[in-house]
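Whatever order the structure lists ligands and atoms in, that order sets their numbers, starting from 1. Below, each value reflects all heavy atoms present in this structure, side chains not excepted, and no hydrogens, waters or symmetry copies.
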Amino acid sequence: MNRRRFVRNTAITTTGIGISSLIPSGVWAHEVPPSDSLNVALIGCRNMGFGILQHHLSNKGVNCVAMCDVDSNILNDKAADIKKNFGQAPKLYSDFRKLLEQKDIDAVIIGTPDHWHCLITVNALQAGKHVYVEKPMANTIAECNIMVKAAGYYSDRIVQVGQQQRSGIVFQKAMELIRGGKIGKLRRVNIWANFEYGAGSKIIPDEPVPPGVDFDMWLGPAPKRSFNQTRFHGMWRMFWDYGGGLMSDWGVHLLDMGIWAGDITAPPETVLVYGGNTFHEKRSRETFDSMSVIYPNNDFVINWDMTAGISHGPYDSSYGLVFIGDDATMVVDRSKIILTPEYDNEAKKPKAEEYKFTDGKESHADHVQNFIECIKSGKKPACPPETGRVAALHVHIPNIAARCGEPMLIWDDANNRFTNSDAANNLITPLYRQPWKLPVI
Ligand SMILES: NC(=O)c1ccc[n+]([C@@H]2O[C@H](COP(=O)([O-])OP(=O)(O)OC[C@H]3O[C@@H](n4cnc5c(N)ncnc54)[C@H](O)[C@@H]3O)[C@@H](O)[C@H]2O)c1
């Protein structure tokens, strides 16, 4: 019996049922015996991946046994931080395939740019590892489909997609309020995201690849090209080969909350889309700086509004959601909920009760906790690949519409194609650069 099965079977047989249903979140990690440890590895170390690794390591019994990055400067710096702050000395790799051969790794965290998520997730599952993959779960529709299939095939492994708001108190409370009828029947979800970085960096010329960087491995399955800092660390998001711009970067988080509120379990059938460039300064970017998307549902509508190159927005917040019900309007972001009732002029009283919650915090630690608990219990995580796919398609479909200049796209989920645009169908599946191959399950 391997370690991972031991960890899970111990959790189940000693309690009779899944441990996470007995022990509240945040408790188990501090009660596990030393032998009941979890070995994790990080692939893609610079920013979010490193944050997620640290959240893992703040749980007792979780060890970092390996780290991998194609930029050795980042790898060495982050490994030194792990040594200093957690006293651990993981093995270091520049090629994730070598890391995946390391037998004592139970779970991998994937913190690379989006164009790598699918291939590394599938390879990690094939190597027997659990996977925490950052959002959006993949950069194309076809890759999302492959990942859902792979997770189903390797179903004794847990795959958590990094849509952490699903595990956080603010949005859990917001969903409770909606489901408890506190805003009346849901009519509309208005979502906005306005961020300066989405307009891209100032344009600079291409340069030689910096020392210590394996740029060909950074590009991986994406087309070969010369090096430019404005398409590299952090800023890759604004180029179609690696990301989907602000639409996918923030859209996947915020649209996921509209999807959750409406109990939506499938990609949108129809989207109405404006995508264009209204920012007047020329920047290094391919993705759009302005997008408006309408997602009609049976009895309510989701509306997305995004402006890159600025940082202010409605309700004094650069991003957020307004859930509009028959009886009240509820504004939500990661830090707060403000519910304002409508007034009933006939009954001469408010239609709902006012409500305010302002103690929200980032929910990455809770999402990691949920992942670890699910590895132990075998339960479904808060954001499994099916959920990640629905959110990802809510951002990829409008991006495809805007790229093809289609104001409306109709998606046939059963047949995995658009019914009204050949150009859009051509953007479903990425063309992998040799020797990389789109995984087949
Ligand atoms: N959940 C969240 O709130 C949240 C927030 C920020 C970023 N993210 C997601 O996290 C992921 C990473 O974003 P980021 O901001 O950390 O990007 P980043 O560019 O700062 O870091 C990516 C790292 O991956 C490395 N890398 C690239 N290809 C690699 C490969 N083949 N093998 C190993 N390492 C490789 C890069 O060298 C870099 O160190 C993205 O998918 C992003 O959408 C999620």
- Looking only at N/O atoms, are R334 and ligand 1 under 3.5 Å apart anywhere? no
- Task: Please name the residue in the list L99, D69, I43 that meets the side chain to side chain contact (heavy atoms under 4.5 Å, CB included) test with Y93.
- Result: L99
- Does any N/O atom on H253 come nearer than 3.5 Å to any N/O atom on ligand 1? yes
- Less than 3.5 Å between some nitrogen or oxygen of I43 and one of ligand 1, yes or no? no
- Closest heavy-atom pair, V252 versus D256, reported as atoms and distance to 0.1 Å, is O-CB, 3.0 Å
- Item | Heteroatom distance test (G49, ligand 1): nitrogen or oxygen, under 3.5 angstrom | no
- Query: How does K135 reach ligand 1, by side chain, by backbone, by both or by neither, if only non-hydrogen atoms under 4.0 Å count?
  - Reply: both
- Message: If the condition is side chain to side chain donor-acceptor pair (under 3.5 Å), which residues does S318 pass it with, not counting sequence neighbours?
- Response: none
- Task: For the residue pair N39 and D106, confirm or rule out a side-chain donor-acceptor distance under 3.5 Å.
- Result: no
- For ligand 1, indicate whether the residue F50 contacts it via side chain, backbone, both or neither (heavy-atom separation under 4.0 Å). neither
- Note on the structure: Residues passing the side-chain contact (heavy atoms from CB on, under 4.5 Å) test with S284, sequence neighbours excluded, are I203, T230, F239
- Side chain or backbone of F232 under 4.0 Å from ligand 1, or both, or neither, by non-hydrogen atoms? neither
- Is it the side chain (CB and beyond), the backbone, both or neither of V213 that lies under 4.0 Å from ligand 1, heavy atoms counted? neither
- In terms of atom number and element, which parts of ligand 1 are under 4.0 angstrom from non-hydrogen atoms of G234? 18 (P), 19 (O), 20 (O)
- Task: With heavy atoms of H117 as the reference, note each atom of ligand 1 found under 4.0 Å away.
- Result: 41 (O)
